[in-house]
Every structure is written in C-alpha cells, then in structure tokens.
Amino acid sequence: MAEKFTSVDEYIASFPADVQEILQEVRRTIHAVVPDAGEKISYQIPTITLDGKSLLYFSGWKEHIALYPIPPLDDALSAAIEPYRSGKGTLKFPLEHPIPYNLITTLTQAFVTART
C-alpha cells in the first residue's frame, strides 16, 4: 500500500537526503515568490495553495522532480520550458542535471499572475 502523507515535511522526509535538499529548495523557491502561500498534501504530493485554493503541485521521483500543472505561458516562457515538458501539463526536471530554480521562480510568478 502506498504511503499516506499528512504534511509536506513528512513527504519530503521520505526521500533520500540529496533529493530532500532539492525538494526543500523547490519549496523555498516557490515560497520566495508567494510568501503568504499555504501548503497541503493533495493527491499524496505537496500542493502550494493561494487563498485556500491549489496553485501548483511538486513531487519527487526516482529520476526527476516534477511540477504541475503548466501555467499560461508567453512565447519566451513556453520555449524555456520545452526541454522539461512531459505530457500536456507536467514538467520534469531530471535529477542528473542542475535544477533550474530560476525557471521555477518564473513559472510560479506565471501561476500567480494567472490567478489574479
């Protein structure tokens, strides 16, 4: 049976130390853009909330970190995320390469802008 997580901290703690560091940095990166965002576990993955509604999700996997869904994009941002697209609404950042935290910042800003 799959593990049931009750908090984002518990979710992150379930990963090896090196992946925990990356997940914590993804979390910090998102909160730097949206300092008043909340957190919860939804679909058994970390969910960032804004005004009580889900804004975006992130998760850790064996070989990548994922971010969902993809926000509305301009042409430049669409081109920037192209190497990370996996399906219609998922971005996968391979653990074997540096995580593009600056791109996660820009994506988070796009999520917030789409909500306002």
Side-chain angles (χ1 to χ4, degrees):
M1 183 173 176
E3 196 168 343
K4 298 273 185 187
F5 301 104
T6 59
S7 71
V8 174
D9 288 326
E10 190 177 279
Y11 177 89
I12 291 172
S14 73
F15 287 87
D18 58 333
V19 178
Q20 286 182 38
E21 289 178 32
I22 294 168
L23 289 168
Q24 289 287 15
E25 188 60 26
V26 168
R27 184 187 201 185
R28 281 190 291 273
T29 299
I30 294 167
H31 280 285
V33 175
V34 193
D36 55 342
E39 296 181 335
K40 67 180 181 178
I41 293 291
S42 182
Y43 303 108
Q44 285 304 299
I45 60 173
T47 306
I48 303 300
T49 63
L50 185 60
D51 300 325
K53 296 182 180 171
S54 298
L55 180 66
L56 62 98
Y57 305 81
F58 67 95
S59 61
W61 298 91
K62 185 176 181 180
E63 297 182 5
H64 66 274
I65 300 296
L67 193 69
Y68 334 74
I70 297 173
L73 305 170
D74 60 26
D75 290 342
L77 189 50
S78 185
I81 68 165
E82 194 57 39
Y84 306 106
R85 277 188 181 268
S86 176
K88 185 178 177 182
T90 302
L91 297 175
K92 290 183 179 178
F93 303 108
L95 292 171
E96 65 187 20
H97 300 293
I99 303 299
Y101 297 109
N102 58 341
L103 182 58
I104 293 172
T105 295
T106 303
L107 287 165
T108 304
Q109 291 166 336
F111 275 110
V112 172
T113 299
R115 290 285 296 272
T116 56

Of all heavy-atom pairs between [X] and [Y], which one has the smallest distance, and what is that distance?
X: Pro69; Y: Leu56; answer: CD-CA, 4.4 Å
X: Ala110; Y: Pro72; answer: CB-O, 4.0 Å
X: Phe15; Y: Gly60; answer: CZ-O, 3.3 Å
X: Ala66; Y: Thr90; answer: CB-CG2, 4.3 Å
X: Ile45; Y: Phe58; answer: CB-O, 3.8 Å
X: Thr47; Y: Ile41; answer: OG1-C, 4.2 Å

Take Leu77 and Leu103 through the side-chain contact (heavy atoms from CB on, under 4.5 Å) test and state the conclusion after the steps. CA-CA 9 Å; Leu77 189 50; Leu103 182 58; 3.6 Å; yes
Donor-acceptor under 3.5 Å (Ser78 side chain, Asp74 main chain): no
For Glu63 and Leu95, what are the C-alpha separation, side-chain angles and deciding distance, and is it a side-chain contact (heavy atoms from CB on, under 4.5 Å)? CA-CA 6 Å; Glu63 297 182 5; Leu95 292 171; 5.6 Å; no
Please tell me if the side chains of Asp36 and Leu50 come closer than 4.5 Å, counting only heavy atoms from C-beta onward. yes
Could you tell me whether the side chain of Val8 reaches within less than 4.5 Å of the side chain of Ile12, counting heavy atoms only? yes
Interatomic distance, [X] atom [atom1] to [Y] atom [atom2] [nearest 0.5 angstrom]:
X: Leu107; Y: Thr29; atom1: CG; atom2: OG1; answer: 11.5 Å
X: Ile65; Y: Tyr84; atom1: CD1; atom2: OH; answer: 13.0 Å
X: Ile70; Y: Ile81; atom1: CD1; atom2: CD1; answer: 4.5 Å
X: Thr49; Y: Leu55; atom1: OG1; atom2: CG; answer: 8.0 Å
X: Ile104; Y: Arg28; atom1: CD1; atom2: CZ; answer: 12.0 Å
X: Leu91; Y: Leu67; atom1: CG; atom2: CG; answer: 5.5 Å

Audit row: Gln109, Thr105, side-chain contact (heavy atoms from CB on, under 4.5 Å) steps and yes/no: CA-CA 6 Å; Gln109 291 166 336; Thr105 295; 3.9 Å; yes
Can you say whether the rings of Tyr68 and Tyr57 are parallel (under 30°), tilted (30 to 60°) or perpendicular (over 60°)? perpendicular
Hey, mind stepping through Phe5 and Gln44 against side-chain contact (heavy atoms from CB on, under 4.5 Å) and telling me if it holds? CA-CA 6 Å; Phe5 301 104; Gln44 285 304 299; 3.3 Å; yes
Using the side-chain hydrogen bond (donor to acceptor under 3.5 Å, both in side chains) rule, collect all pairs that involve residues 6-20, keeping only residues at least two apart or in two chains. Thr6-Glu10, Asp9-Arg27
Decide whether His31 and Glu39 meet the rule of one side-chain donor and one side-chain acceptor closer than 3.5 Å. yes
